[in-house]
Every structure is written in structure tokens, then in C-alpha cells.
Amino acid sequence: MKVFILKKRKDFVKAAQEFKVVVNGLVLQAALNLSEKAKDCCFVGYTATKKLGKAHIRNRTKRRLRAAVAMVFPSLAKAGVNYVVIGRHNTTELEFAYLTRRLRDAINEINAQIEARQQSPSEAEEKL
RNA sequence: CAAGGCGGCCGGACAGCCGCGCUGCGGCUUGACCGCAGUGAGGAAAGUCCGGGCAUCAGGGGAACAGGACACCGGGUAACGCCCGGCUGGGAAAACCCAAGGGAAAGUGCCGCAGAAAACUACCGCCGGGCUAUAUGCCCGGUAAGGAUGAAAAGGCGAGGUAAGAGCUCACCGCGGCGGUGGCAACAUCGCCGGCUUUAGGUAAACCCUGUCCGAUGCAAGACCAAGUUAGGGGCGUCAAGGUGCAUUUUAUGCAAACCGGACGAUACGGAGCGUUCUCCCUCCACUCCAGAGGUGGGUCGCAAUGAGCCGUCCGGCAACGGCCGGCCCAGAUGAAUGGCUGUCGGUCCGGGCUUGCCCGGAUUACAGAACCCGGCUUACAGGCUGCCUUGUCUG
RNA sequence: GCGGGUAUAGCUCAGGGGUAGAGCGCAACCUUGCCAAGGUUGAUGUCGUGGGUCCGAAUCCCAUUGCCCGCU
């Protein structure tokens, strides 16, 4: 599974509106991407807000998230999905192995949500 | 050894595995591809407080006004509000430190409370005279030594002098002027003179005056390529070849630009040209204006290997800095590259052990991430190295 | 990346060199059988932080921190 970088603001906004899982250290959001391009790959975007700290803290947060995604996503991510990973205040402090485990939990959870929606779309829409 | 002052410098090191940006080369399965090699954050990359380069506004000369910055002297620099050296004033026992440090004699304003008075001073007091029998008291005059107030009180201090006093006179200090000497200068120093209410309190980080400098906007500047929109409405003017209207010379000619539709835009008026106004040269503009809606915001260059560049020897200079010669090429992203894991060695702190400078264990290892590029300033910063200087104590 | 504004009592704001103020709120008392309204009285600030200028700074100057806003 190939993983590419998400760039457009529009896609970030859409991901924030559809699926969301919060774990210790990070937040994972996702949205379906039905375009031809995304048929057999997925996109990932990273977010680190000004709340986290100054520039070097935000950069470090994104780096650790990228490193974690590089370990987890190639095996677990679903094709045709835009993921967004958001850093939290303790992303830079947690042990990397723990952070990776939590990201694995988060992606399994969010994939389950997506599959549930795909199997019974009408029911899911009622929920929303 | 202790306490302190002033600089300069570093700001973890090495190795392994998995990854990332850029550049170069190679590969074929030509792509958001793979492989190899090289290279990859700071002293502040930060704050955006100054000064430049560069770019656009078509360009240039002059005058006035407005606005802003700066302000002892000399030097350095591309330039600066920066740096160096000096002067003056203030602080410290000293090494040293601090200073927006021009003009108050161009003008205006302000100086609360207190105090007689905050700038043409006179409450108490002191002295003289008068009224009154005397004292008290009152009136007139002289005075600014003393008291009191205040941040600040009209040169200070001592002596002479006087009714009491006063630069009224004199010495010293201070101040002003002239001259000599030293210094590029700020200024220092010596002498003479003034006789100081003929010396005009403070405040310019109050307005201001004087001198010097300053066009605006910032790489999201700007240049090019590609794609897309080029539609509707209102207003000015020209055209009589269509319709309409009017007139008739009666079916064609003339007039009319009011209306519908169409084709279009003047070598004149005028407008524009880097704060405002004026002026000179020069140049440019031939449709214009308004409102609403929708779309796009992609790529290349700018841009990173030639620069006020970095390193080193030597030379000049007290220094900032400059010069000769030699060597080097050193990040370039755009959802934005340095990360993850492991080991060894460091630094600092704590605890324990003892063989007293080693071992063991634990914690900690700052501030912080280039975005067009340089020169400064300012602010943040664990810990460490190093040079010089001052004072005190002890020993020789 | 560039450029502005603001910070004063619990809240909303005045004050632009000379004793820090207003409204609302708060507390006590009066009024009432009780409450509200009304009346009387009172408390309350390191003037965001650190320096400087001045005799004297919330005010002027410099630096700094937080918050808010604008352009692209």
C-alpha cells in the first residue's frame, strides 16, 4: 500500500467532518476518497496547531507522526481513504513504541467505522 | 586561596540499522518509480527594532510645505539609530561601569501641595525714621545675613565693611571674555581681564529652534509560460447604409441620433506620471465607469556556486577595520527535508561504596528550526573552556 | 510573510505629568410581617511586566509578555 501526502485544505476539512478517533498522543480523522487516483493507495495529512508550542515543537510533532505513520500505515491503511493525523500536547514526550501502538489501535478502530458505514450506509446516515 | 570586573570561544562526540529533502549519475517496468554517490539548521535560524542589496511603480532637474529619524569629538563601514577610540558629567575602595550628551540669550507653555515668593519675590526677622508721655502698636523707608517651605529659592565660602546689610570690596572656588600652550577635534591647562541683579532658576524622553539624512511598496516584490473568463447593464460621443418619425420636390430626396437595431471612437479639449503644491524638460493615455455572480489561484524563473562570502599566513592600525597572497564552494523546502531505535564515551547533579580519586546505580543534558539575501541591534539560553585586570588574606 | 490595536476595581470602561475615577456588581444598615424595589454608608487596585527620563510616571521613552484584529 502506497501512502501519499495530503495537501489541499478542502480535504482536511472533509476529514474532520466524517470519522474521528482520539487516543493518548494523537487524533486520527478520515474521509472516503472516491477519485480514480486513490483507487489503490491512500493519502495522509498531518496537523500541528499553534496550541502545541513554537515552531520547533510543531516540526518535531509532525516528524514523530510521520515516523509512526511510516511504520503502521503500509500494512494497515485502507485504499481510497484520506487520513489526517493531528498532534497533541504530549506527542513529543511519549515513548515512540507506545505512540506507534496507539496509532495502530486508532487506525483499526477507524477502519472498523468505515466498514460499518460501507455495509449499511443508510443506518450510518441515520446515526449522523 | 577568596571575592569581584572586562572580554573571547564552544554549546555534546563516535558507530550501526531503518527512513527524509535537494543535487549529480545510472536503470527500465517512464513514475507521486528504483539504485548509487554527494550534501543537508543557528548563535541566536527568534523578535521584526534599524541599515542596505534586489524588484516594481516609465524617467529626470529645481523650489516651497508637511512628516519621520538622528544629535559631544574623531575614526571605521556599502550604509546605519551599529562598532571602535577619545572627551565631558555621574557612580564605585578599585578593576571598571553608566549617559537620547546640540540649543533654555528666537518664541510659547508648564513647575501640583507646601511656601512670603516658583521668576520684575519680601511673611517673620534685622536696621533707620515718624506718630505716641513710654511700651505695645501703627505708618514710611532700607535690607536680603538668619528663620520657615520645597525636588529646586536668585553664585558658594571666609574676611573686611555697614545703621542693618548686600560682589559694596578682597582672597579662593565657580562663571564669562581675551590670549598662550598641547590636541585633527571635543576639550584640557596656564595667564590676564571682568566684578558677577551687566550671571537670563528648572523643564526640549513639553511644543519648538538649528544642523544632517530620508520617494513608496516588499520575493505573497516581480518576470515568463499554460489554462480559464472574456457575458450582461448604465452613461459620453461619431456614423443616415436598415426600421421608425417628420417634411415634401410623391415612392425617392432631405432632415432628425429621440426610440429599436447596428458599426464604431476623435491627433482637439482633457487626463496621468513614485506624500502635497508649484514649475521646467520629457513621456504616456483613443472608449470609459459602476454593481453583482461564478471560476481559477497550476508550473518555471526570481532561488542558492561568486556573495559587502568563508578559512589561513603575513602586513598597516591603540582599536573598530583595511590590504596582499593562498585555499575553499557551504541548506534551498513550499502541508514545508535532520526523525525513530540501539550501543559506547562525555558534561552536570544526587545517592551508595571505599583504596580519596576511582567504582556502582539513578536522574538530567539548555534556548530553540533557515523560507529572497546580507550588516547590526534586542530578547531567550543547561552547562563548559579560556585570556587579561582589581581588591583582600596567607606563604616564600 | 507583512502591518495595526489593546492591557486600569469582580465586570464594562473614563483618565494623556501633580491625591486613581464612573456605572453595574459586592457587604452592612434603614424601610417591610417577609422578599423585591428604594434610601444611607462602606470595602476594593504592585494601572500586564522590567528598566529609563523627571522633584514626581497609569500618563513620556525603551524593552518584554499575553490577548485581539487586518492584508496577502
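Throughout, protein chains are lettered first and strands after them, A, B, ... in sequence-line order, and every chain is numbered starting at 1.
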Counting just side-chain N and O atoms, does His56(A) come under 4.0 Å of either OP1 or OP2 of G369(B)?
yes
Does C178(B) have a Watson-Crick or wobble mate here (both distances under 3.5 Å), and if so which one?
G191(B)
Rounded interatomic separation in angstrom, taking CZ from Phe96(A) and P from U342(B)
11 Å
In whole Å, measure the gap between the P atoms of G89(B) and U48(B) for me.
43 Å
Starting from P on A333(B), measure out to CZ on Arg58(A) and report it in whole angstrom.
21 Å
Return the orientation label for the Phe73(A) and Tyr83(A) ring planes: parallel under 30°, perpendicular over 60°, tilted otherwise.
perpendicular
Suppose you measure atom P in A122(B) against the same atom in A116(B); what distance do you get, rounded to whole Å?
13 Å
With a 3.5 angstrom cut-off on both distances, give the Watson-Crick or G-U wobble partner of G167(B), or none if there isn't one.
none
Round to the nearest Å and state the distance from Leu94(A) atom CG to G340(B) atom P.
13 Å
With heavy atoms under 4.0 Å as the rule, sort Arg60(A) into base, sugar-phosphate or nothing.
sugar-phosphate
Are OP1 or OP2 of A336(B) and a side-chain N or O of Arg66(A) less than 4.0 angstrom apart?
yes
By the 4.0 Å heavy-atom rule, please label Ala55(A) as base, sugar-phosphate, or nothing.
sugar-phosphate
What's the gap between C278(B) and C289(B) when it is taken at their C1' atoms, as a whole Å value?
31 Å
Atom CD1 of Ile57(A) and atom P of G339(B): how far apart are they, to the nearest Å?
13 Å
G-U wobble or Watson-Crick pairing nucleotide for A363(B) (cut-off 3.5 Å, both distances)
U348(B)
Watson-Crick or G-U wobble partner for G307(B), using a 3.5 Å limit on both distances?
none
Complement of G3(C), any strand, by Watson-Crick or G-U distances under 3.5 angstrom
C69(C)
Measuring only the P atom in each nucleotide, how far is C214(B) from A371(B)? A whole number of Å is fine.
31 Å
In the structure shown, which nucleotide is the Watson-Crick or G-U wobble counterpart of U338(B), with both distances under 3.5 Å?
none
Once you round it to whole Å, what is the distance between P of G335(B) and CG of Leu65(A)?
17 Å
Looking only at atom C1', what distance separates C175(B) and G167(B), rounded to whole Å?
13 Å
Figure out the CZ/P separation between Arg63(A) and G40(B), and round it to whole Å.
17 Å
Using a 4.0 Å heavy-atom cut-off across all strands, classify Tyr46(A) as base, sugar-phosphate, or nothing.
base
For the side chain of Ile5(A), counting heavy atoms from C-beta on, which of A368(B), A41(B), A336(B) is nearest?
A336(B)
Integer angstrom distance from the P of C55(C) to that of G50(C):
23 Å
Within the 4.0 Å heavy-atom criterion, would you say Thr100(A) contacts the bases, only the backbone, or no part of the nucleic acid?
nothing
C1' spacing across the pair A37(B) / A41(B), given as an integer number of angstrom
23 Å
For nucleotides C13(C) and C209(B), find the distance between their C1' atoms and express it as a whole number of Å.
41 Å
Ranking G340(B), G335(B), A32(B) by distance to the side chain of Ala67(A), first place goes to G340(B)
Checking contacts here: which listed nucleotide (G335(B), G369(B), A32(B)) is nearest the side-chain heavy atoms of Asn59(A)?
G369(B)
